[in-house]
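What follows is a short report on a single structure.
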Amino acid sequence: MKRALFVILLGLAAPLSHALDQVSPCATVDACIALIPEKDVPSYSNGEADEAVKAQLRAFGREALVPLAKLSAHPNSNKRQLADTLIADIKDIRQSDFELVHQVIRNNVKLDGSGGWAYRLLGRMGGDQAAAFLVSELLREGKGGNQIVFALVTIGQPAIPHLLNAIACKKNCNPESYGGFNEVFEKLHDREILDQPSALQLLAMVKNNAIHPDMRKLALGWVGYITAESAPVEAELIRMVKASPDLSEHVLTSLKVLKSPYAADLLVAKLAQGEGLYREWILRDIGHLGHTAKHVGAEVEHYLNAEDWNTRAATARTLGFIGYEKAAPRLQTMLRNDQDWLQVHAAIQALHWLQHKPALDDLNHVATSHWYPLVRQFAAISAKRLAADKPPLQKDAEPYYTHRAKNCSAEQFAIVAEPEQVKIYDREFKGLSQFTYKHPWCADKEAAEADEYLTEFCASPESLVQPNVAAKVGDSWLTGTNNGEWGGEMMAFYKDGAHELILNENIEDIYSYGSTAYATTGLAHLGMNNGMLYRATEIAKGFAVEPIYRLPGAPMTSWKINPQEILINTYSGPVIFNPATGLRTPDGCEVSSNVES
């Protein structure tokens with residue numbers, strides 16, 4: 001039996017050896033390099049070769065460094081870029097290899113303008129030479145989002161003195177060249193790499209009049225990221241900003257990182273200075289301070305009265321995150337908002353963060369009665385967790401933008417055509433020429449003349465707009481344009497020939513109901529997926545326009561499914577609008593979300 005097994009294994013030996021030869025097509029580094037094809041590849045390519053060849057070159061490790069480094073000057077882009085990719089994978093790199101890796105990067109910059117992947121190698125190598133060179137390269141690049149940032153963060157604390165040395169610039173300093181430094185400091189903070197002596201040194205640089213004023217301002221924003229003991233640094237930053245209020249914008253970043261109560265004071269003062277998305281960002285930053293910002297709660301609560309719906313929702317979340325319990329009764333009333341599901345969602349979240357159990361009955365009511373399944377689901381889970389004293393879900397605001405309806409299609413609904421007497425579409429994508437108008441940007445002649453680009457645009461044929469859709473409303477026509485990220489508008493054309501802008505939104509469609517119209521609007525772009533339904537009502541002079549419902553997402557298409565009802569097919573699923581009863585989701589629609597009970 002043993003003899004037979006030996007014979008079988010002996011018979012397998014030759015094929016097995018042959019298979020191994022196939023796996024390893026080259027025995028030496030030079031032989032493997034010779035198998036890399038010479039071909040032109042795009043600048044973003046990592047280089048191309050047989051996978052077995054690449055695997056073998058990786059297996060050689062540091063032994064392949066010198067031969068691959070020579071390829072970094074090769075005229076062929078494929079050989080050069082594959083060499084760079086493979087060099088970056090070498091694990092057993094040593095600080096004595098610095099000059100060789102340095103030369104590889106210089107060759108890459110000379111031939112392609114970018115240092116390539118080899119920066120990663122310097123990050124693993126570490127040491128003063130690598131750190132100093134990487135900082136100089138970050139200055140040369142003048143921006144973040146690259147392998148240099150990754151390498152410096154990999155080096156960690158030993159890289160900080162070299163960053164400080166570069167910041168201590170005295171003459172001919174260009175702050176714009178330091179675009180990648182903030183990202184490095186921020187990522188060091190994320191990795192909890194702190195250095196109190198360096199933080200104090202950075203603070204001392206701020207007071208050094210010999211250093212360029214712009215560099216001192218940058219240092220004010222970065223010192224918080226590396227501060228290990230916050231009290232002395234925070235106190236000095238507050239003293240500085242009180243003595244020189246013009247420094248508040250620069251100090252604010254560090255105070256936010258240190259979660260200073262004074263950061264909340266500076267932020268809440270900015271709320272009155274802007275609106276829209278700017279105000280939402282400020283509220284988000286206040287919320288991130290947590291309970292340390294609780295003392296500005298009354299000032300934040302004021303923005304629950306904001307005209308802008310997004311500001312109200314952001315305010316509700318912020319009040320919950322900072323733990324301002326006095327706002328709970330007002331937040332509880334927001335649960336009865338049928339028009340904006342996002343405000344209801346935010347109020348649920350805030351009440352849970354406040355652990356406000358008197359809201360349980362209202363939460364359970366929302367969980368069974370709200371028109372939007374996503375809100376019902378979130379209310380039910382939040383009520384259950386609040387009753388059981390479990391912590392709240394979803395501190396950040398983003399998750400509800402990612403939901404999608406399941407088992408739900410708009411294709412099942414019939415299309416009821418609208419007569420051309422009340423609705424005209426641009427079916428050939430040439431625009432409705434009978435409603436041509438000058439772009440609204442050109443309405444303010446003084447502003448247009450002050451802007452060279454705007455002056456040129458307004459004098460060109462491109463400034464003449466031909467809308468995509470028009471609807472007859474009373475004695476007037478309302479028209480809509482949708483230019484995606486470039487915006488759109490709804491215009492009113494009156495019977496006397498006059499026209500005016502009545503809404504700045506991307507208009508998907510307009511539906512006429514006598515003297516009232518409903519416009520589906522919104523934008524899905526990058527991380528955004530926002531939709532709104534507006535009502536335009538004819539009045540004595542023009543139209544009164546107001547938002548009446550937030551849609552689940554931006555509308556893709558819409559149509560009438562019967563004389564009264566409109567099917568709105570959003571990027572998050574379809575909804576049905578009836579002017580008499582509001583919004584509802586079609587039967588059978590389920591909502592997918594990441595919320596767990």
Side-chain angles (χ1 to χ4, degrees), residues 43-47 65 68-74 77 80-91 93-191 193 195 198 202 205 211-212 214-215 218-219 221-222 225-226:
S43 60
Y44 54 80
S45 171
N46 292 330
L65 178 58
L68 287 172
K70 292 178 181 178
L71 280 188
S72 67
H74 199 282
S77 59
R80 187 170 65 247
Q81 286 162 221
L82 182 59
D84 183 55
T85 304
L86 294 170
I87 286 172
D89 285 342
I90 294 174
K91 300 295 187 291
I93 196 70
R94 302 172 186 172
Q95 290 187 9
S96 59
D97 298 322
F98 171 77
E99 288 301 332
L100 197 60
V101 178
H102 182 200
Q103 187 59 52
V104 169
I105 292 172
R106 289 177 62 188
N107 289 340
N108 289 342
V109 171
K110 182 179 179 180
L111 290 165
D112 289 335
S114 167
W117 292 99
Y119 291 119
R120 285 177 173 258
L121 210 58
L122 294 181
R124 294 201 300 275
M125 177 189 295
D128 284 337
Q129 274 187 306
F133 174 65
L134 285 166
V135 168
S136 68
E137 285 292 274
L138 193 61
L139 274 172
R140 182 185 64 79
E141 284 279 343
K143 60 181 185 298
N146 50 40
Q147 296 302 317
I148 308 170
V149 170
F150 178 88
L152 282 167
V153 176
T154 301
I155 291 175
Q157 189 279 331
I160 294 177
H162 299 279
L163 292 165
L164 268 56
N165 185 54
I167 295 167
C169 180
K170 297 179 180 178
K171 295 181 181 179
N172 302 319
C173 309
N174 178 11
E176 293 180 0
S177 301
Y178 290 77
F181 278 58
N182 187 77
E183 185 179 351
V184 174
F185 281 113
E186 189 173 355
K187 290 185 181 297
L188 288 171
H189 178 74
D190 290 343
R191 290 186 54 192
I193 296 173
D195 183 343
S198 292
L202 198 54
M205 287 166 52
I211 295 175
H212 193 282
D214 288 341
M215 302 313 301
L218 290 177
W222 295 335
Y225 287 118
I226 57 173

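This structure is a prediction, so every number in the text was calculated from the model and none was measured.
In terms of heavy-atom proximity, Trp117 sits nearest to Ala88 at O-CB, 3.4 Å. Nearest heavy-atom pair across Tyr178 and Ala166 is OH-O, 2.7 Å. Between Ile193 and Val153, the shortest heavy-atom distance links the atoms CD1-O, 4.3 Å. Taking all atoms of both residues into account, the shortest heavy-atom contact from His162 to Ala131 is CD2-CB, 3.5 Å. Taking every heavy atom of both residues into account, Gly144 and Val149 meet most closely at CA-CG2, 4.0 Å. The shortest non-hydrogen separation linking Gln81 to Ser45 is NE2-O, 3.0 Å.
When each of Leu122, Ile148, Leu121, Asp84 is checked for a side chain to side chain contact (heavy atoms under 4.5 Å, CB included) with Ile105, only Leu122 meets the rule. Screening Asn146, Val109, Leu152 for a side chain to side chain contact (heavy atoms under 4.5 Å, CB included) involving Glu137 leaves a single residue, Val109.
Not one N or O on the side chain of Arg120 forms a donor-acceptor pair closer than 3.5 Å with the backbone of Thr154. Not a single donor-acceptor pair under 3.5 Å links the side chain of Asn182 to the backbone N or O of Phe185. Panel note: side chain Asp97, backbone Arg94; a donor-acceptor pair is recorded below 3.5 Å. Arg124 places no side-chain N or O within 3.5 Å of a backbone atom of Ile93 that could act as its donor or acceptor partner. Remark: the backbone N or O of Gln95 is not paired with any side-chain donor or acceptor of Gln129 at under 3.5 angstrom.
Around atom CD of Glu99, more than 12 heavy atoms belonging to other residues, nucleotides or ligands sit under 6.0 Å away. A 6.0 Å sphere centred on NZ of Lys171 holds no more than 12 heavy atoms belonging to other residues, nucleotides or ligands. More than 12 heavy atoms of other residues, nucleotides or ligands sit less than 6.0 Å from atom CZ of Arg140.
We find the CG-OH distance between Leu188 and Tyr225 to be 11.0 Å, quoted to the nearest 0.5 Å. Here the straight-line distance linking atom SG of Cys173 with atom CD1 of Ile167 works out to 11.5 Å at 0.5 Å rounding. Put simply, NE2 on His74 and CG on Leu82 are 12.0 Å apart, with the number rounded to the nearest 0.5 Å. The structure places CH2 of Trp222 at 12.0 Å from CD of Glu186, a figure rounded to the nearest 0.5 Å. Between the CG atom in Asn165 and the CE atom in Met205 there is a gap of 8.5 Å [rounded to 0.5 Å]. The distance from the CG atom of Leu65 to the CD1 atom of Ile87 is 6.0 Å, given to the nearest 0.5 Å.
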